[in-house]
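Numbers here simply count residues along the sequence, with the first being 1. Please read these numbers as outputs of a predicted model, since none were measured by experiment.
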Amino acid sequence: MNQIKIPTSFNIELSFELAPFHKRMFAWLIDIVIILGYYYLVFELMAWYEAREQATKTADELHSSYNISYMWIIVSVPILLYHLICEISLNGQSIGKKLMHIRVISDNGGRPGIDQYLLRWLLRTVDFSITFFMGGLISSLVTKHHQRLGDLAAGTIVIDTKIQANIYDTVFEHIDSSYQPIYSRQQVMRLSDRDMNIIKGITANASRSGSYDNAITVSEKIRTALNITEYQEPFDFLQTLLNDYNYYANHK
């Protein structure tokens with residue numbers, strides 16, 4: 001399976017598995033089924049409404065038809081915006097992508113911005129509709145990171161989240177009210193949300209795999225960057241930073 005290596009702010013590389021073609025295809029098919037199911041339900045409801053209007057129409061028939069046309073436009077909006085709304089609200093996933101365990105991320109390793117999601121969505125017409133699926137298909141097959149045209153323009157890639165730990169889940173965790181931070185606010189808050197997301201992903205990977213090489217490397221770099229001289233075991237040190245960051249973020 002193809003991999004992509006993305007450098008982090010700690011000068012180490014995190015590896016991600018690119019989403020295989022068959023997973024992207026099945027995710028697309030699931031989304032199509034959902035969209036068609038919605039369309040069928042709406043069609044049945046609108047047909048029932050129009051039949052009722054025809055049975056009870058009055059002299060204001062023209063006005064009624066005008067309103068029905070507008071109702072069709074309104075109910076079509078969720079179909080048009082389905083992928084955009086899902087990817088923004090579900091952190092880079094549509095329902096199909098979520099079920100197939102794949103996700104859209106920025107090609108710098110972070111979460112895509114709304115502008116990236118928007119550009120990616122706008123170019124769906126080029127990838128699929130205008131080119132009869134050939135634009136997206138050919139682009140996905142010939143580009144290094146299997147990006148369709150929308151991905152290339154938006155600077156996004158699609159990764160397999162079932163294989164690699166998802167380090168882009170929210171960094172915030174529940175901290176007991178009695179918790180006392182170990183390191184100073186000035187030190188800890190020099191780290192960004194992205195930095196803490198990376199740390200969280202590294203600790204999660206270490207817990208699952210039992211390999212602490214990345215934790216050791218990152219902890220040494222952070223100690224130097226933040227001028228922290230107190231020693232903790234690398235894994236415990238990173239977990240302490242996560243806890244302290246959460247504490248300070250909630251006690252501004």
Side-chain angles (χ1 to χ4, degrees), residues 1-6 14-42 76-171 193-194 197-198 200-201 204-205 208:
M1 188 175 290
N2 294 323
Q3 285 190 339
I4 180 173
K5 293 183 180 293
I6 298 176
L14 296 179
S15 296
F16 296 94
E17 298 287 354
L18 294 172
F21 177 77
H22 74 275
K23 280 196 171 186
R24 296 184 69 164
M25 181 184 70
F26 282 126
W28 177 80
L29 289 174
I30 291 170
D31 289 329
I32 286 294
V33 169
I34 291 171
I35 291 172
L36 290 178
Y38 168 81
Y39 182 81
Y40 176 78
L41 179 61
V42 169
S76 297
V77 170
I79 296 176
L80 297 175
L81 300 181
Y82 169 80
H83 287 280
L84 178 63
I85 293 173
C86 281
E87 290 183 358
I88 291 176
S89 61
L90 298 178
N91 188 21
Q93 292 179 301
S94 63
I95 297 174
K97 288 186 179 69
K98 195 172 187 68
L99 292 174
M100 294 306 300
H101 304 286
I102 62 177
R103 181 188 303 277
V104 178
I105 66 170
S106 178
D107 59 9
N108 65 7
R111 292 180 179 176
I114 293 179
D115 57 330
Q116 290 175 285
Y117 286 129
L118 180 60
L119 182 56
R120 190 174 188 276
W121 171 75
L122 287 172
L123 287 176
R124 291 186 68 85
T125 55
V126 178
D127 281 317
F128 302 117
S129 301
I130 296 176
T131 60
F132 298 100
F133 299 93
M134 296 306 296
L137 177 61
I138 294 174
S139 180
S140 295
L141 292 175
V142 302
T143 54
K144 180 180 179 181
H145 298 145
H146 305 307
Q147 296 163 290
R148 63 177 178 84
L149 298 175
D151 288 317
L152 290 170
T156 55
I157 57 176
V158 183
I159 62 168
D160 193 329
T161 62
K162 192 171 184 179
I163 298 175
Q164 289 292 331
N166 174 25
I167 69 171
Y168 300 103
D169 288 335
T170 176
V171 69
D193 281 356
R194 170 167 158 70
N197 275 323
I198 292 171
K200 183 176 181 180
N205 274 329
R208 276 191 297 269

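Evaluation of the salt bridge (Lys or Arg N to Asp or Glu O under 4.0 Å) test over residues 76-92, restricted to residues two or more places apart or in two chains, returns Glu87-Lys97, Glu87-Arg120. Residues in residues 129-144 take part in no salt bridge (Lys or Arg N to Asp or Glu O under 4.0 Å) pair, two or more places apart or across chains. The salt bridge (Lys or Arg N to Asp or Glu O under 4.0 Å) analysis of residues 121-142, with sequence neighbours excluded, yields the pairs Asp127-Arg148.
Leu18 CG to Thr143 OG1: the interatomic distance, rounded to the nearest 0.5 Å, is 9.0 Å. Note that OG1 of Thr156 is 15.5 Å distant from CZ of Arg111, once rounded to the nearest 0.5 Å. Summarising the geometry, atom CG belonging to Leu80 is positioned 11.0 Å from atom OG1 belonging to Thr125; distances are rounded to the nearest 0.5 Å. Of the inter-residue distances, the one linking Leu84 atom CG with Ser94 atom OG reads 12.0 Å to the nearest 0.5 angstrom. Note that CH2 of Trp121 is 13.0 Å distant from SG of Cys86, once rounded to the nearest 0.5 Å. The CD1 atom of Ile88 lies 7.5 Å from the CG atom of Leu118; values are rounded to the nearest 0.5 Å.
Closest approach of Gly96 and Ile30 over heavy atoms only: CA-CG2, 3.7 Å. Closest of all the heavy-atom pairs between Gly92 and Tyr117 is N-OH, 3.2 Å. The two residues Ile102 and Arg24 have their closest heavy-atom pair at CD1-CA, 3.9 Å. Smallest separation of non-hydrogen atoms from Leu152 and Ser139: CD1-OG, 3.6 Å. The heavy-atom pair separating Leu90 from Ile95 by the smallest distance is CD1-N, 4.5 Å.
Shown here are the ring-ring contact (aromatic ring centres under 6.0 Å, His included) partners of Phe133, two or more places apart in sequence or in another chain: Trp28, Phe128. With sequence neighbours excluded, the residues satisfying side-chain hydrogen bond (donor to acceptor under 3.5 Å, both in side chains) with Tyr82 are Asp31. Checked against side-chain contact (heavy atoms from CB on, under 4.5 Å), Leu36 has the following partners two or more places apart in sequence or in another chain: Ile32. Applying the side-chain contact (heavy atoms from CB on, under 4.5 Å) rule to Ile79 yields the partners Ile35, Tyr38, Tyr39; only residues at least two apart in sequence or on another chain are considered. Residues satisfying the side-chain contact (heavy atoms from CB on, under 4.5 Å) criterion with Ser76, sequence neighbours excluded, are absent altogether. Partners of His145 according to the side-chain hydrogen bond (donor to acceptor under 3.5 Å, both in side chains) rule, which considers only residues two or more places apart in sequence or in another chain, do not exist here. Remark: Gln116 engages Ser106 in a side-chain hydrogen bond (donor to acceptor under 3.5 Å, both in side chains) (not counting sequence neighbours). Applying the side-chain contact (heavy atoms from CB on, under 4.5 Å) rule to Ile138 yields the partners Met134, Val142; only residues at least two apart in sequence or on another chain are considered.
For the pair Ile105 and Ile157, the minimum side-chain heavy-atom distance is below 4.5 Å.
For His146 (side chain) and Ser140 (main-chain N/O), a donor-acceptor pair under 3.5 Å exists by modelled atom type.
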Stepwise side chain to side chain contact (heavy atoms under 4.5 Å, CB included) test for Phe21 and Leu137: CA-CA 9 Å; Phe21 177 77; Leu137 177 61; 3.7 Å; yes
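Atom CG of Leu141 has more than 12 heavy atoms from other residues, nucleotides or ligands within 6.0 Å.
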